[in-house]
Asker: 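One structure coming up, written as structure tokens, with questions to follow.
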Amino acid sequence: MNLTAPNPEFMRRAIWLATDNVVSGRGGPFAAVIVRDGKIVGEGVNTVTATQDPTAHGEVNAIRAACKALGTFTLAGCELYTSCEPCPMCLAAAYWARLSAVYYSCSAADAARAGFDDAFLYQEFCRDKAARSLPATQFLGGEAWASFAVWIASESKVKY
């Protein structure tokens with residue numbers, strides 16, 4: 001698949017979905033579409049409050065829908081059109097999905113102006129683990145390594 005210049009119609013679809021999500025009272029002002037070979041293969045809107053799921057961002061929901069529609073866990077060759085610059089979680093999901101391109105409309109600064117500020121997360125990730133506001137303590141690492149050992153030895157593993 002060859003990537004082309006961003007298509008305004010796909011971005012307009014993401015923007016429309018985001019706006020409709022707010023107007024309908026279903027969720028926040030975020031939406032995304034996944035495109036492959038010039039066709040939408042997945043759409044998603046923010047459903048965090050509707051589903052009581054903090055990971056249910058528009059981009060994550062679109063990635064899930066596209067993977068389901070295509071029957072795969074990798075979206076190489078697909079493009080993400082999103083109404084706003086992805087937050088750290090959604091950007092990581094885009095990398096994990098192996099998307100070929102990300103196009104966005106509003107910036108992180110625009111989102112912050114509307115009350116959705118991701119700056120705290122970016123700052124936290126740059127801090128030493130001990131200085132972060134969310135304590136994380138490693139323990140039982142030796143016991144947990146058994147899972148990796150089984151994975152390494154498995155002949156039926158699917159690498160991702």
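Residues take their numbers from the sequence shown, with the count starting at 1.
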Asker: Tyr122 and Pro86: which non-hydrogen atoms are nearest, and at how many Å?
Answerer: OH-O, 3.7 Å

Asker: Check Cys84 against Glu59 and note the closest heavy-atom contact, atom names and distance.
Answerer: O-OE2, 3.5 Å

Asker: Quick one: closest heavy-atom pair of Ile15 and Ser105, and the distance?
Answerer: CD1-OG, 3.5 Å

Asker: Is the CZ atom of Phe10 crowded by more than 12 outside heavy atoms at less than 6.0 Å?
Answerer: yes

Asker: Find out if a path of hydrophobic residues (ILVMFWY) with successive side-chain heavy-atom gaps under 4.5 Å connects Val35 to Val41.
Answerer: no

Asker: Decide whether Phe120 and Phe125 are clustered together by the hydrophobic rule: side chain heavy atoms of Ile, Leu, Val, Met, Phe, Trp, Tyr closer than 4.5 Å, transitively.
Answerer: yes

Asker: For the CZ atom of Arg98 and the OG1 atom of Thr72, what is their distance to the nearest 0.5 Å?
Answerer: 9.5 Å

Asker: Between Glu79 and Tyr103 (side chain of the first, backbone of the second, donor and acceptor by atom type, cut-off under 3.5 Å), is there such a pair?
Answerer: no

Asker: Please check: side-chain N/O of Asn21 versus main-chain N/O of Asn46, any donor-acceptor pairing under 3.5 Å?
Answerer: yes

Asker: For Lys39, does the NZ atom sit with more than 12 other heavy atoms under 6.0 Å from it, leaving out its own atoms?
Answerer: no

Asker: Drop me the distance from Leu17's CG to Arg26's CZ, to the nearest 0.5 angstrom.
Answerer: 9.0 Å

Asker: Is any side-chain heavy atom of His57 less than 4.5 Å from a side-chain heavy atom of Cys87?
Answerer: yes

Asker: Between Phe148 and Trp145, is the gap from one ring center to the other below 6.0 Å?
Answerer: yes

Asker: Out of curiosity, Trp96 CH2 to Phe73 CZ, how far, rounded to the nearest 0.5 Å?
Answerer: 11.0 Å

Asker: Looking only at non-hydrogen atoms, find the nearest pair between Ile34 and Ala62 and report the distance.
Answerer: CG1-O, 3.6 Å

Asker: Taking the side chain as C-beta and beyond, is there a heavy-atom pair between Cys78 and Leu70 under 4.5 Å?
Answerer: yes

Asker: Could you tell me which non-hydrogen atom of Pro29 sits nearest to which non-hydrogen atom of Ser83, and how far apart they are?
Answerer: O-OG, 3.8 Å

Asker: Yes or no on side-chain contact (heavy atoms from CB on, under 4.5 Å) for Val45 and Asp20, after CA distance, side-chain angles and deciding distance?
Answerer: CA-CA 9 Å; Val45 297; Asp20 183 63; over 6 Å; no

Asker: To the nearest 0.5 Å, how far apart are CG in Leu121 and CG in Leu91?
Answerer: 12.0 Å

Asker: Give a yes or no on whether Met11 and Ile40 share a hydrophobic cluster (residues Ile, Leu, Val, Met, Phe, Trp, Tyr; joining criterion: side-chain heavy atoms under 4.5 Å apart).
Answerer: yes

Asker: If we only count heavy atoms from C-beta on, is the Tyr81 to Asn7 side-chain gap below 4.5 Å?
Answerer: yes

Asker: Look up atom OG1 in Thr137 and atom NZ in Lys129, then write down how far apart they are to the nearest 0.5 Å.
Answerer: 11.0 Å

Asker: Any chance you could measure Arg113, atom CZ, to Ser107, atom OG, to the nearest 0.5 Å?
Answerer: 7.5 Å

Asker: Ring centroids only, cut at 6.0 angstrom: are Phe30 and Phe116 within range, meaning strictly under it?
Answerer: yes

Asker: What closest approach, in Å, do Ala14 and Ala31 show between heavy atoms, and which atom pair accounts for it?
Answerer: O-CB, 3.3 Å

Asker: Counting heavy atoms not belonging to Tyr95, are there more than 12 under 6.0 Å from its OH?
Answerer: no

